[in-house]
Peer 1: 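Here it is: the structure, laid out below.
Each ligand, and each atom within it, is numbered from 1 in the order the structure gives.
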Amino acid sequence: MSTDQLIIADRSFTSRLLMGTGKFANNQLMAEAIRASETEVVTVALRRVDLDAPQDDMLAAIDTERILLLPNTAGARDAEEAVRLARYARMAGCPSWVKLEVTPDPRYLLPDPLETYKAAQILIKEGFTVLPYINADPVLCKHLEEIGCATVMPLGSPIGSNKGIKTRENLRIIIEQSHVPVVVDAGLGAPSHAAEAMEMGADAVLVNTAIAIASDPAAMARAFAKAVQAGREGYLAGLGPQSSLASASSPLKGLMWE
Ligand SMILES: CC(=O)[C@@H](O)[C@H](O)COP(=O)(O)O
């Protein structure tokens with residue numbers, strides 16, 4: 001087993017690629033992509049599945065022996081709706097982990113910081129392990145960490161936009177300050193975006209759209225997995241500093257004709 005484990009709450013994971021399950025053309029493509037990604041955490045929108053129906057095709061496609069099924073509260077417009085969805089998942093037998101998403105505005109799907117904080121407080125008191133999706137706001141991240149969130153999940157850019165990391169400076173501060181894993185979530189549209197997040201020192205990334213809408217989702221999932229691994233290894237190896245001036249790679253003194 002790799003010694004470089006991602007630890008979230010009381011669980012450890014080898015893969016640092018979390019995957020969403022929306023937007024796949026069918027469950028078979030989704031299952032193939034999940035396998036190819038080697039992910040160990042898959043998020044599922046509570047609104048999309050019937051937790052009371054064990055034969056629900058979508059859940060059947062996920063090997064829950066190996067993979068943590070992380071219910072998310074996608075579609076919740078305020079704290080009350082998010083809390084209701086999380087309680088429903090637990091009552092239906094899901095683990096007490098929840099990816100908390102509160103997005104009142106359907107146009108940009110940006111997370112509501114106040115309602116997310118409020119819901120996180122309630123759910124943590126009720127014993128949930130809470131992984132909140134949030135704006136890349138370093139102050140909010142600190143507050144969520146202080147009340148006991150298991151991770152922070154700041155966005156790279158809006159959900160489904162594929163624009164990559166547009167929040168780089170704030171992410172840098174969040175990564176520097178955080179004592180819980182930082183999972184860059186949303187907007188990562190290409191494997192290089194995921195590598196960039198990992199090279200910055202993010203602990204993990206979450207990707208859905210870019211994999212689901214690729215012409216070959218399984219191949220794209222594999223590409224993301226490699227990029228996440230490469231970015232992580234680059235980060236651990238210690239990237240050199242950037243400079244606005246050039247510095248020669250070969251010696252400029254002692255040349256043969258000198
Ligand atoms: C908050 C949310 O819904 C994201 O987890 C989303 O599923 C992933 O974002 P992308 O679809 O942009 O990869």
Side-chain angles (χ1 to χ4, degrees), residues 8 15-25 29-30 33-34 37 39-49 58 62 67-78 81-82 85-86 89 97-113 115-116 119-120 130-137 140-141 144 149-167 171 174 181-198 202-214 217 220-221 223-225 227-228 231:
I8 302 178
S15 165
R16 290 171 182 270
L17 172 59
L18 285 63
M19 245 187 81
T21 50
K23 299 183 185 164
F24 283 91
L29 286 175
M30 181 194 75
I34 289 173
S37 71
T39 186
E40 294 164 296
V41 182
V42 157
T43 72
V44 185
L46 285 162
R47 289 189 173 223
R48 283 186 55 220
V49 291
M58 198 201 147
I62 300 170
I67 293 173
L68 171 70
L69 202 61
L70 179 61
N72 71 53
T73 62
R77 287 161 301 179
D78 56 26
E81 285 184 6
L85 279 167
W97 286 48
V98 63
K99 176 164 181 257
L100 178 58
E101 297 180 17
V102 184
T103 54
D105 160 31
R107 189 163 155 82
Y108 293 105
L109 292 174
L110 292 171
D112 182 326
E115 294 295 308
T116 303
V130 177
L131 293 77
Y133 165 64
I134 43 170
N135 294 295
D137 175 344
L140 175 63
C141 284
L144 290 166
C149 285
T151 61
V152 285
M153 303 186 72
L155 56 82
S157 49
I159 298 170
S161 69
N162 284 342
K163 285 187 169 181
I165 297 183
K166 298 295 174 200
T167 52
L171 283 180
I174 292 168
V182 177
V183 183
V184 177
D185 182 10
L188 303 181
S192 57
H193 300 156
E196 182 185 352
M198 298 307 294
D203 296 279
V205 297
L206 192 151
V207 182
N208 186 167
T209 302
I211 295 175
I213 67 170
M220 186 60 81
F224 265 96
V228 167

Peer 1: Kindly confirm or rule out an N or O of Leu188 lying under 3.5 angstrom from an N or O of ligand 1.
Peer 2: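 N/O-N/O distance below 3.5 Å does not exist for this pair.
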Peer 1: Find all atoms of ligand 1 within a distance of less than 4.0 Å from any non-hydrogen atom belonging to Thr209, and give their numbers and elements.
Peer 2: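 Once the distances to Thr209 are compared, the set is 10 (P), 11 (O), 12 (O), 13 (O).
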Peer 1: Work out whether the distance between some heavy atom of Ala186 and some atom of ligand 1 is less than 4.0 Å.
Peer 2: yes
Peer 1: Considering the heavy atoms of Val207, write down every atom of ligand 1 situated less than 4.0 Å from one of them.
Peer 2: 13 (O)
Peer 1: Taking the non-hydrogen atoms of Ala74, is any one of them nearer than 4.0 angstrom to ligand 1?
Peer 2: no
Peer 1: Please say which of Leu144, Leu131, Thr73, Asn72 ends up in a side chain to side chain contact (heavy atoms under 4.5 Å, CB included) with Leu100.
Peer 2: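 It is Thr73; the other options fail the test.
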Peer 1: When you look at Cys141 and Ile134, which way does the side chain to side chain contact (heavy atoms under 4.5 Å, CB included) test go after all the steps?
Peer 2: CA-CA 8 Å; Cys141 284; Ile134 43 170; 3.3 Å; yes
Peer 1: Can you list the ligand 1 atoms lying under 4.0 Å from a non-hydrogen atom of Lys99?
Peer 2: 1 (C), 2 (C), 4 (C), 5 (O)
Peer 1: Got a salt bridge between Asp112 and Arg77, using NZ or NE/NH1/NH2 to carboxylate O under 4.0 Å?
Peer 2: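 So Asp112 does not pair with Arg77 through a salt bridge.
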Peer 1: Under 4.0 Å, heavy-atom basis, I'd like to know which part of Asn208 is in contact with ligand 1: side chain, backbone, both or neither.
Peer 2: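 For Asn208, the contact with ligand 1 is made by both the backbone and the side chain.
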Peer 1: Only one of Leu155, Leu140, Val102, Ile159 clears side chain to side chain contact (heavy atoms under 4.5 Å, CB included) with Pro111; which?
Peer 2: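 Answer to the side chain to side chain contact (heavy atoms under 4.5 Å, CB included) test with Pro111 among Leu155, Leu140, Val102, Ile159: Leu155.
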Peer 1: Please determine which of Leu17, Leu18, Ile165, Val182 meets the side chain to side chain contact (heavy atoms under 4.5 Å, CB included) test together with Val205.
Peer 2: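 Exactly one pass, corresponding to Leu17.
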Peer 1: For ligand 1, which atoms sit closer than 4.0 Å to a heavy atom of Glu101?
Peer 2: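 Every atom of ligand 1 under 4.0 Å from some heavy atom of Glu101: 1 (C), 2 (C), 3 (O).
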Peer 1: Are any non-hydrogen side-chain atoms of Thr43 and Leu206 less than 4.5 angstrom apart?
Peer 2: yes
Peer 1: Could a heavy atom of Gly160 be found less than 4.0 Å from some atom of ligand 1?
Peer 2: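 Distance cut 4.0 Å: Gly160 passes for ligand 1.
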Peer 1: Could you list which atoms of ligand 1 come closer than 4.0 Å to a heavy atom of Leu206?
Peer 2: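 Those of ligand 1 that fall under 4.0 Å from Leu206 are 5 (O), 8 (C).
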Peer 1: Within ligand 1, which atoms have a heavy atom of Tyr133 less than 4.0 Å away?
Peer 2: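 Counting from 1, the qualifying ligand atoms are 1 (C).
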Peer 1: Hey, what do you get for NZ (Lys163) to CG (Leu188), rounding to the nearest 0.5 Å?
Peer 2: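 If I round to the nearest 0.5 Å, the distance is 14.0 Å.
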